[in-house]
Amino acid sequence: MAQITLNTLDARKADGRRFAMVTAYDAGFALAAAGAGIETLLVGDSLGMVVQGRGSTVPVTMDDMAYHTACVRRGVEAGELRPLILADMPFGAANTPGQAAANAARLMQAGANAVKIEGGAWVAETVRHLTERGMPVCAHLGLTPQTADMLGGFRLQGRDEAAAARIREEARVLEEAGARLLLLECVPDALGRAVSEAAKAPVVGIGAGPSTDAQVLVLHDMLGLGEGRKARFVKDYLAGRGSITEALRAFGEEVRSGAYPAPEHCYG
Ligand code: KIV
């Protein structure tokens with residue numbers, strides 16, 4: 001049994017070997033992803049949309065996150081590869097350091113190895129508070145879906161030099177506060193590259209170009225599920241393949257080889 005840890009991911013970054021992350025919300029898909037060699041799983045609050053059928057992540061509760069984290073943890077227990085499990089802190093769960101610590105502890109007791117918090121430099125104090133208490137944090141920057149309304153909707157972030165500089169500085173401050181992973185969503189390639197080169201912590205990208213240390217996709221997106229217009233970075237890995245396991249395996253291989261994201265998945 002191989003357990004993927006934060007140290008494994010640090011070593012992968014140091015060696016320049018990319019890794020893959022996919023969202024998982026239940027035991028069956030978690031086991032399938034682990035069996036396909038996906039190194040890290042994210043119990044994303046995107047479950048609000050893809051599992052619960054809601055319009056955004058905002059209504060997702062701590063009870064929801066703890067329940068799905070426990071399901072995912074049980075799913076990977078039996079596998080050969082045990083991916084690192086990251087669980088999202090839902091909207092409103094990290095408003096103060098004390099509240100965040102209580103909620104993060106709950107997710108870790110449910111089976112998470114680390115928690116993900118959306119936000120910029122203003123969550124640095126919370127990142128430090130959790131880190132000092134043994135709860136590793138992934139800081140989610142760029143497009144932060146929980147606060148998309150404040151950002152003017154789901155749109156590319158860090159477009160001009162001032163906005164890019166702000167995101168670079170936030171990444172620096174959050175890593176300095178103890179963040180063990182950074183997740184960068186929907187930014188130009190050059191910004192993804194700059195943040196990844198500057199950070200010691202592995203940077204996971206989604207729509208952040210080809211230079212980040214890892215790539216994540218929402219499971220339902222990479223299986224071609226769902227109606228309507230897809231974000232540019234989405235690729236359907238089930239198309240032309242015979243099984244979900246093959247699709248997951250192909251995603252992992254393309255991330256590791258650098259074939260994904262291709263230019264058509266990037267924001268230039
Ligand atoms: O909740 C989620 O699925 C996420 C990804 C978009 C990274 O945060």
Side-chain angles (χ1 to χ4, degrees), residues 9 18-26 29-30 33 38-62 64-69 71-72 83-94 103-104 107 112-120 123 137-148 151 153-157 167 171 174 179-187 192 195-196 201-209 212-223 225-226 230-235 248 251 255 260-261 265 267:
L9 305 182
R18 297 182 190 85
F19 59 89
M21 178 183 287
V22 73
T23 62
Y25 315 102
D26 65 27
F29 281 103
I38 302 292
E39 295 91 341
T40 54
L41 301 180
L42 169 64
V43 188
D45 60 358
S46 49
L47 69 85
M49 279 100 86
V50 299
V51 176
Q52 298 176 334
R54 300 181 190 278
S56 81
T57 57
V58 171
V60 175
T61 65
M62 271 303 301
D64 295 333
M65 292 309 305
Y67 171 78
H68 287 280
T69 301
C71 294
V72 167
L84 180 120
I85 298 175
L86 198 57
D88 255 333
M89 295 279 273
F91 182 72
N103 285 327
L107 294 181
N113 300 111
V115 298
K116 177 161 81 60
I117 302 180
E118 291 187 14
V123 297
V137 179
C138 170
H140 183 154
L141 293 163
L143 174 58
T144 45
Q146 290 172 7
T147 45
L151 302 174
F154 286 79
R155 58 203 317 195
L156 190 66
Q157 301 297 306
I167 292 174
L174 289 162
R180 292 293 306 272
L181 292 169
L182 300 173
L183 190 147
L184 199 50
E185 179 165 354
C186 220
V187 298
V195 171
S196 305
V203 178
V204 184
I206 177 164
T212 55
D213 307 299
Q215 300 287 336
V216 58
L217 281 177
V218 169
L219 177 72
H220 294 58
D221 286 343
M222 60 148 297
L223 296 178
L225 294 171
K230 294 286 182 197
R232 189 180 168 96
F233 52 78
V234 169
K235 176 168 177 182
L248 286 161
F251 171 60
V255 169
Y260 176 82
H265 306 120
Y267 294 100

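Read the numbers this way: they start at 1 and go in the same order the structure lists the ligands and their atoms. Just so we're clear, the structure is a prediction, and the values are computed from it rather than from any experiment.
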What atoms in ligand 1 come closer than 4.0 Å to a heavy atom of [X]?
X	answer
D88	1 (O), 2 (C), 8 (O)
G44	1 (O), 2 (C), 3 (O)
T23	3 (O)

Region of [X] that comes within reach of ligand 1 [heavy atoms, distance under 4.0 Å]:
X	value
T57	neither
L47	neither
V218	side chain

With rounding to the nearest 0.5 angstrom, report the [atom1] to [atom2] distance, [X] to [Y].
X	Y	atom1	atom2	answer
D221	I206	CG	CD1	7.0 Å
Y267	Q157	OH	CD	10.5 Å
L183	T212	CG	OG1	9.0 Å
N113	T69	CG	OG1	10.5 Å
R18	Q215	CZ	CD	8.0 Å

If we count only N and O atoms by modelled type, under 3.5 Å, do the side chains of D88 and Q146 hold a donor and an acceptor together?
no

What orientation do Y25 and H220 show, parallel under 30°, tilted 30 to 60°, or perpendicular over 60°?
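Rings of Y25 and H220: tilted, as their planes differ by 30° to 60°.
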
Does ligand 1 have an atom that lies less than 4.0 angstrom from a heavy atom of H140?
yes

Indicate yes or no: does an N/O atom of [X] lie under 3.5 Å from an N/O atom of ligand 1?
X	value
E185	no
D45	yes
K116	yes

Students should be able to answer this: which protein heavy-atom is nearest to atom 3 (O) of ligand 1, and at what distance?
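The protein heavy atom lying closest is S46 OG, 2.5 Å.
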
Go through T23 and F29 one step at a time and tell me if the side chain to side chain contact (heavy atoms under 4.5 Å, CB included) criterion holds.
CA-CA 9 Å; T23 62; F29 281 103; over 6 Å; no

Counting heavy atoms only, which of I206, L143, L42, L183 comes nearest to atom 4 (C) of ligand 1?
L42

